[in-house]
A.B. asks: 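Below you will find the structure I want to go over with you.
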Amino acid sequence: MTRRKLLNDCFLTDKERLSHVECLEILTCRLSAVTGTEELPLVETSGRWLAADIIAPRNVPLHDNSAVDGYAFAAPATGTMPIVVRIAAGDLSTHRLEPGEAARIFTGAPMPQGADTVAMQEDCTVDGDQVAVPLDLKRGANARRAGEDVAANTPVLHTASRLRPQDMAALASFGLPGITVRKPVRIAILSNGDELLEPGAEISQGQVYDSNRAMLQALAETLPCEITDLGILPDNAELIEATLADVAKTHDVILTSGGASRGDEDHIINAIDTLGTRHLWQIAVKPGRPMSFGQIGDCIFLGLPGNPVAAFVCFLLYVRPALTVLGGGSYQEPIRYPVPAGFDVPTKKPGRREFWRGWLEPGPDGRPVAHKFTRDGSGLISGLRQATGLIEITEDVTSVARGELVSFLPFSGFGIDS
Ligand code: AMP
Ligand code: MG
């Protein structure tokens, strides 16, 4: 396992704000994999990051074989042929057909030597041990060639790619007994705030149930993570400091929400400054301005704003890329789809990037149009639920008129299924 300490340079003074692009670049280029590797049986590796390149050890399929139930022969057929052998799937075929001979053959059965074409049984006429096949079949019809799926020695999957269900099929088709993958990122998640309550607790004025922890855990589960739930920490400087110091010894990442601003009751940032190094505090992004990033020893600290919408958006934009890189994955930017806006926003503050909660609906011509959740509050979870993606408005934009193209980033590009 290679553990590389982050650079100990501070990327930001308290006076500046990093742009979205700078923030993402720090999180994806300055970090590197911290997880170890393990060899697991194939069925346990779905969703993991590969830790070694996969090269096809042999041809798939291994042998030329029939794609249908029928009769194999050497094209072109000239008329009725004697059926001289029967070959089923799983048989070892050592038979050699002479020109003008046919083999009874079944789907997946190895082609006999001398044959290159198979006629489907539905198209054949059999009379005793003689078969008449269609005369217009092209050479190679209904026959699968050895290596036509993957040829031996082809690079198939690269280190740091994520194993998807279809990759499982490919790896299984090579007959590999074990796959070397990255271990999950050990991530500890906590919420911070005196006002926060666990579900089931009696609520009174001034209190809110903690909604971020359940959401952030679910988001972390979209990546290979081993999650420790640290619960809710009150606004108590000593307790926060002691907890973070302790947890940092046994985790790759600490993810917090709340207490991330510079209020008197925001102790998380102070704790990071005391225990380790803070690399980043504020970003010129809405929602999400007080997004922080630092380290306590070798443990990466990612601090999200307390407002649920800001915590959600910052997870997708920054925590997800960081967890990808730390976990040994290669980070891919989500695809941005240019879509006409179905709304007007007459003024937008320049100099910051905004991510609006949006969804697509068919417009008058049937093509998709982006719609925006109209209420702005970053505590409104209902807007997150109505949305199916984010509308990205870059720093230079100062207004959006109906019909102008905006970038739409579906949540599916961030690993959230709808
Ligand atoms: P803070 O970042 O601590 O200043 O919190 C900003 C806002 O988010 C406040 O209204 C908090 O009550 C709210 N908040 C913080 N953490 C949570 C949470 N875990 N669940 C729901 N709301 C939260
Ligand atoms: Mg707070």
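In each ligand, atom 1 is the first atom listed, and ligand 1 is the first ligand listed. Numbering of residues begins at 1 and proceeds along the displayed sequence. Both backbone and side-chain heavy atoms feed into the values below; hydrogens, waters and symmetry mates do not. All values reported here derive from a predicted model rather than from experimental measurement.
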A.B. asks: Here's a test for you: under side chain to side chain donor-acceptor pair (under 3.5 Å), which of T256, N212, D210, D229 qualifies with S191?
C.D. replies: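 By the side chain to side chain donor-acceptor pair (under 3.5 Å) criterion, S191 pairs with just one of T256, N212, D210, D229: D210.
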
A.B. asks: Assess the side chains of H279 and Q295: does a donor N or O sit below 3.5 Å from an acceptor N or O?
C.D. replies: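 On atom types as modelled, these side chains qualify, holding a pair under 3.5 Å.
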
A.B. asks: Return the OG1 to CG distance between T180 and D53, rounded to the nearest 0.5 Å.
C.D. replies: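 Here the rounded value is 11.0 Å.
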
A.B. asks: I want to know whether F312 and F414 have ring centres closer than 6.0 Å.
C.D. replies: no

A.B. asks: Hey, could you give me the OG1/NZ distance between T117 and K138, rounded to the nearest 0.5 Å?
C.D. replies: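 Answer for the OG1-NZ pair, T117 versus K138, is 11.5 Å.
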
A.B. asks: Please identify which of these residues, L304, I268, L302, meets the side-chain contact (heavy atoms from CB on, under 4.5 Å) condition with S257.
C.D. replies: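 When side-chain contact (heavy atoms from CB on, under 4.5 Å) is applied between S257 and each of L304, I268, L302, only L304 qualifies.
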
A.B. asks: What are the distances between nitrogen or oxygen atoms of ligand 1 and protein nitrogen or oxygen atoms, counting only those under 3.5 Å?
C.D. replies:
residue, atom, partner, partner atom, Å
ligand 1, 2 (O), G259, N, 3.4
ligand 1, 2 (O), G306, N, 3.1
ligand 1, 3 (O), G259, N, 2.8
ligand 1, 8 (O), G306, O, 3.4
ligand 1, 8 (O), N307, N, 3.2
ligand 1, 12 (O), E195, OE2, 2.5
ligand 1, 14 (N), G306, O, 3.2
ligand 1, 19 (N), D210, OD1, 2.7
ligand 1, 19 (N), N212, ND2, 3.4
ligand 1, 20 (N), S211, N, 3.0
ligand 1, 20 (N), S211, OG, 3.4

